[in-house]
**Q** 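Have a look at this one before I ask anything.
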There are 2 protein chains.
Amino acid sequence: MLLAQVEGFLEVARRGNVSRAAEAMFVTQPTLTARLHALERELGEPLFARTRRGMRLTDAGRAFLPYAERAMRAVRDGRQALTDARSASAGRLVLGAAPAVSTYVLPALLQRFAAAYPRIEVAVRTGHSEDVLQMLLREEVQLAMVRTMRHPDIESIPLYEEALVLVVPPGHPFAKRSTVGIADVASERLIFFDRTSSYYELTQSFFLSLGVTPREVMELDNIESAKKMVERRLGIALLPRTAVSGELAAKTLTQVAVTDAPAMSQKIVVIRRRDQGRPSGTVAAFLNLVRESDPAAV
Amino acid sequence: MLLAQVEGFLEVARRGNVSRAAEAMFVTQPTLTARLHALERELGEPLFARTRRGMRLTDAGRAFLPYAERAMRAVRDGRQALTDARSASAGRLVLGAAPAVSTYVLPALLQRFAAAYPRIEVAVRTGHSEDVLQMLLREEVQLAMVRTMRHPDIESIPLYEEALVLVVPPGHPFAKRSTVGIADVASERLIFFDRTSSYYELTQSFFLSLGVTPREVMELDNIESAKKMVERRLGIALLPRTAVSGELAAKTLTQVAVTDAPAMSQKIVVIRRRDQGRPSGTVAAFLNLVRESDPAAV
DNA sequence: GTCATTGATCGAAACCCTCGATGCTTGACT
DNA sequence: AGTCAAGCATCGAGGGTTTCGATCAATGAC
């Protein structure tokens, strides 16, 4: 069954006249007649009663009419949905994100995204990078923003480099000095967060590689609490720069440069399944927005 | 766009494998591949990502999927609706009927019809024959059961011949006589019904043609009331036989034969629009039932 | 390595869709 | 009464598309 046949059926039913309907559909009258005959043959029932004045629906035609309309509408809407998706003027985007990304980077990104594509529905699933990777592999999310990871089935697009910066409360002795050494840091009370996350391993191995043993005094399971602890002068912390930009601007925390240590950072990337072909629709829209902006400049 | 393409898309989406889907659809794998390519070309977007393990939906494919399903369901349901209509196993039938038919003949007919086709919905519109004819011409009803009428756009199927019989109350002088003459009838108080209906003209012209002037004493606008008047001994009446069969059986009314007058009757027919092609579905079902039964034998 | 499985590709034959021209019927108008 | 216009059906030709069997290329399993 050709959709053109169904379409012809509807047009003729509407106009009650093959010639006019054919003209409206930009085909000749014999063509449309043939389509109707083919459709009637396939359905095994005359859909029209031929009269001198034109075509009238038979009972069977009347019975079929609503279904034909429904089918055409479905296809038309389907085409529109694809067009919308292609232009990313509508659709749905499901993102996965590591906690630090979800909390400190995504909001500004999504604000701009929502402004650019107001009709796209966005959902965010947060979890540690490994968990988010699993979501991606299970296709529960279309894109994920996590630290650099390796997996044969995914490809990565660099997003930004997230630096870990040393923050101290205002009035802390370090705050007055322009720079401090790593030994100075290790002698302070340090606040860490989330032993299960990659940050923990990263900071630990950082100190170990420098032959310094940090005096750990406190470990929180989230960054927000860690910041509060520092503000309450319970210690100092190495935190993602994106996570403390607000406090630094409000001067409730102070950043201190460490001179004799390499910059500590990890790359944040966007990952997607390699087998999904080239990005399209909402996914492509998000990737474009990401590419043309600097997510860390928040 | 071929429906076969949409169907193939759904089958492949379901199975994630062109070869299996092709087998299930009884076509070769290259055929199905070609259908998918054609569909993707028409929609201007890859619907599948080709992987080593088979076919995976792209985002676009996922977006199109529900619409494809909707379209296929609509067509499938449409086919089913036609099948139902053809076998008359379901559907709707709208009948028009003259009052006497509607009240005294249709109930038994519809009882049998409902038993034979329990899933057909039946609606009855009652009116004088002329009004019902108009309903038919306006396609408000599919069939009409009325007295014989002429109109270029309708065709008639004989239903039954309805005799007008003379009924008197039990104990009436006529009841004891085996037969009465027309002159006897004219001298009695006569009860007529419904001046606007064809019965009135028929009975009036009947008397006039015999050179008899009836003593009209009462005119009701419905048969049921007329019967009650006769039962209450306010007169005698010429009524459709089908309308008094119950009372004759219950002996609350008595039929009297008139010897010297021709039998008075009118033909009741089923009419339908001539331009509707051959009857199908629910209409054909009803006509078949009518044909194989004697509606007057109620 | 070899084999099985996957979808893509190819060439030939069949199919059918589309078109312009024409036929046929019927109602309207002179 | 006869012509005309308007309606759909039919026909034959041409062109495109679909379908098939065979084959290819890539890749993962054993």
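To find a chain, count down the sequence lines: A is the first, B the second, and so on, and within it residues start at 1.
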**Q** Could you work out which one of D:dC8, C:dG7, C:dT5 sits closest to the side chain of B:R20?
**A**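 Closest nucleotide to the B:R20 side chain: C:dT5.
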**Q** Side-chain N or O of A:N17 less than 4.0 angstrom from OP1 or OP2 on D:dC8?
**A**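 Result: yes.
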**Q** D:dA6 C1' sits how many Å from A:R15 CZ, rounded?
**A** 17 Å
**Q** If the threshold is 4.0 Å, N to carboxylate O, is there a salt bridge linking B:R15 and B:E23?
**A** no
**Q** Please report the C-alpha distance between B:E42 and A:R79 in whole Å, then the side-chain angles of each, then the deciding distance to 0.1 Å, and finally whether the salt bridge (Lys or Arg N to Asp or Glu O under 4.0 Å) criterion is met.
**A** CA-CA 10 Å; B:E42 176 166 357; A:R79 280 199 156 97; 2.3 Å; yes
**Q** Nearest whole angstrom, please: distance from the C1' of D:dC8 to the CD of A:E11.
**A** 17 Å
**Q** Does D:dC8 have OP1 or OP2 sitting under 4.0 Å from an N or O in the side chain of A:T33?
**A** no
**Q** How many whole angstroms separate atom CD of A:E42 from atom P of C:dC16?
**A** 12 Å
**Q** Quick one: do A:R35 and A:E11 satisfy salt bridge (Lys or Arg N to Asp or Glu O under 4.0 Å)? Show the steps, please.
**A** CA-CA 12 Å; A:R35 285 184 190 171; A:E11 196 66 34; over 6 Å; no
**Q** Is the backbone of A:K267 close enough, under 3.5 Å, to the side chain of A:T148 for a donor and an acceptor to pair up by distance?
**A** yes
**Q** What is the distance, rounded to the nearest whole Å, between atom CZ of A:R50 and atom P of C:dG27?
**A** 18 Å
**Q** Tell me: NE2 of A:H37 to C1' of D:dC8, nearest whole Å?
**A**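 From A:H37 NE2 to D:dC8 C1': 8 Å.
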**Q** Going 5' to 3' along nucleotides 18-25 of chain D, which nucleotides have protein heavy atoms under 4.0 Å from the base (write B), which only from the sugar-phosphate (write S), and which from neither (write -)?
**A** -SBBB---
**Q** When the distance from CG of A:L39 to C1' of C:dC17 is rounded to whole Å, what number comes out?
**A** 15 Å
**Q** Output every pair passing ring-ring contact (aromatic ring centres under 6.0 Å, His included) with a member in residues 131-151 of chain A, not counting sequence neighbours, ordered by first then second residue.
**A**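 Every pair satisfying ring-ring contact (aromatic ring centres under 6.0 Å, His included) with a residue in residues 131-151 of chain A: there are none.
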**Q** Would you kindly give the CD-to-C1' distance between A:E23 and D:dG7, to the nearest whole Å?
**A**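 One finds 14 Å between C1' of D:dG7 and CD of A:E23, rounded.
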**Q** Looking at A:S19, does any N or O in its side chain come under 4.0 Å of the phosphate oxygens OP1/OP2 on D:dA6?
**A**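 No, A:S19 has no side-chain N/O under 4.0 Å of OP1/OP2 on D:dA6.
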**Q** Kindly assign one of parallel, tilted or perpendicular to the pair A:F113 and A:F286, based on the angle between their ring planes and the thresholds 30° and 60°.
**A**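 Because their plane-to-plane angle is over 60°, the rings of A:F113 and A:F286 count as perpendicular.
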**Q** What residues, two or more places apart in sequence or in another chain, satisfy salt bridge (charged side-chain N to carboxylate O under 4.0 Å, His left out) together with A:R20?
**A** none
**Q** To the nearest Å, give me how far apart CG (B:L36) and C1' (C:dT6) are.
**A** 14 Å
